[in-house]
Amino acid sequence: MSSSNRQGGQVRASHILIKHQGSRRKASWKDPEGRVINNTTREAAVSQLKDLRDEIISGKVKFEDIASRFSDCSSAKRGGDLGPFGRGQMQKPFEEATYALKVGEISDIVDTDSGVHIIKRTG
């Protein structure tokens, strides 16, 4: 077994999810009827997420604060924290992006069946 966390082992991450028309489940805690999500194109979701990411990277706002306000995932209540997870527990693009980050780094836009995400690796 490699001792490198890159290959195996668990990681911990937080994320911000923006759902859109192409998302598998078109409802969230802040949009239970899916009214906004059904009217959000992928392009609009990406654009919103890029703006939020820029604000976080610039240090104007904290990742956790933005997650708790804007993320369409129920993890928003925990500032986007998903807790620890290992290989095979998340959708593949999400897993690959998380393992590629160093702790403290924030990903570019990641597409999954759930929507578009930015991921912050926390452990």
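Positions are given from 1, in the same order as the sequence printed here. Model, not experiment: these values are computed from the prediction.
- For the atom pair OG (S107) and CZ (F94), the distance works out to 7.5 Å, reported to the nearest 0.5 Å.
- Using a 4.5 Å cut-off on side-chain heavy atoms (C-beta onward), L82 and H15 make contact.
- Applying the salt bridge (Lys or Arg N to Asp or Glu O under 4.0 Å) test to residues at least two apart or on different chains, the pairs with a partner in residues 61-72 are K30-D72, E64-K120.
- The closest side-chain heavy-atom distance from S114 to R25 is not below 4.5 Å.
- For the pair R78 (side chain) and G80 (backbone), a donor-acceptor distance under 3.5 Å is absent.
- Of all the heavy atoms in A67 and A76, the pair that sits closest is O-CB, 3.3 Å.
- Residues I56 and I16 form a side-chain contact, since some pair of their non-hydrogen atoms from C-beta on lies under 4.5 Å apart.
- Residues Q48 and I18 come closest through the heavy atom pair OE1-CG2, 3.8 Å.
- Here the side chains of L101 and I119 are in contact, with some heavy-atom distance below 4.5 Å.
- Salt-bridge formation is not detected for the pair K19/D31: no Lys NZ or Arg NE/NH1/NH2 atom is positioned less than 4.0 Å from an Asp or Glu carboxylate oxygen.
- Rounded to the nearest 0.5 Å, atoms OG1 (T41) and NE2 (H20) are 8.5 Å apart.
- Across every non-hydrogen atom of S14 and T122, the tightest pair is OG-CG2, 3.9 Å.
- Linking ILVMFWY side-chain heavy atoms closer than 4.5 Å, directly or via other members, places L17 and V116 in two distinct hydrophobic clusters.
- Put simply, CD1 on I66 and OG on S71 are 11.0 Å apart, with the number rounded to the nearest 0.5 Å.
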Cut-off 3.5 Å, no hydrogens considered: what does the side-chain donor-acceptor table look like for residues 32-39, sequence neighbours left out?
residue : atom : partner : partner atom : Å
N38     : ND2  : G34     : O            : 2.9
N39     : ND2  : R35     : O            : 2.9

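- Using a 4.5 Å cut-off between side-chain heavy atoms of Ile, Leu, Val, Met, Phe, Trp and Tyr, with links allowed through other members, V110 and I57 fall into different hydrophobic clusters.
- For residues 107-118, the pairs satisfying salt bridge (Lys or Arg N to Asp or Glu O under 4.0 Å) are R42-D111, R53-D108, with sequence neighbours left out.
- A cation-pi arrangement, defined by a distance under 6.0 Å to the six-membered ring centre and an angle within 45 degrees of its axis, is absent between R12 and F85.
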Could you walk me through whether T40 and Q21 pass side chain to side chain donor-acceptor pair (under 3.5 Å), step by step?
CA-CA 6 Å; T40 302; Q21 292 160 339; over 6 Å; no
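- Under a hydrophobic clustering in which Ile, Leu, Val, Met, Phe, Trp and Tyr are joined whenever their side-chain heavy atoms come within less than 4.5 Å, directly or via other members, V103 and Y99 fall into different clusters.
- Between P84 and Q10, the closest heavy-atom pair is CB-OE1, 3.5 Å.
- Put simply, the side chain of I109 does not reach to within 4.5 Å of the side chain of H117, judged on heavy atoms.
- When all heavy atoms of D81 and A13 are compared, the pair lying nearest together is OD1-O, 3.5 Å.
- Counting heavy atoms from C-beta on, the side chains of L49 and F70 never come closer than 4.5 Å.
- Contact detail for E105 and A100: the closest heavy-atom pair is OE1-O, 4.4 Å.
- The backbone N or O of L52 sits nowhere less than 3.5 Å from a side-chain atom of E55 that would complete a donor-acceptor pair.
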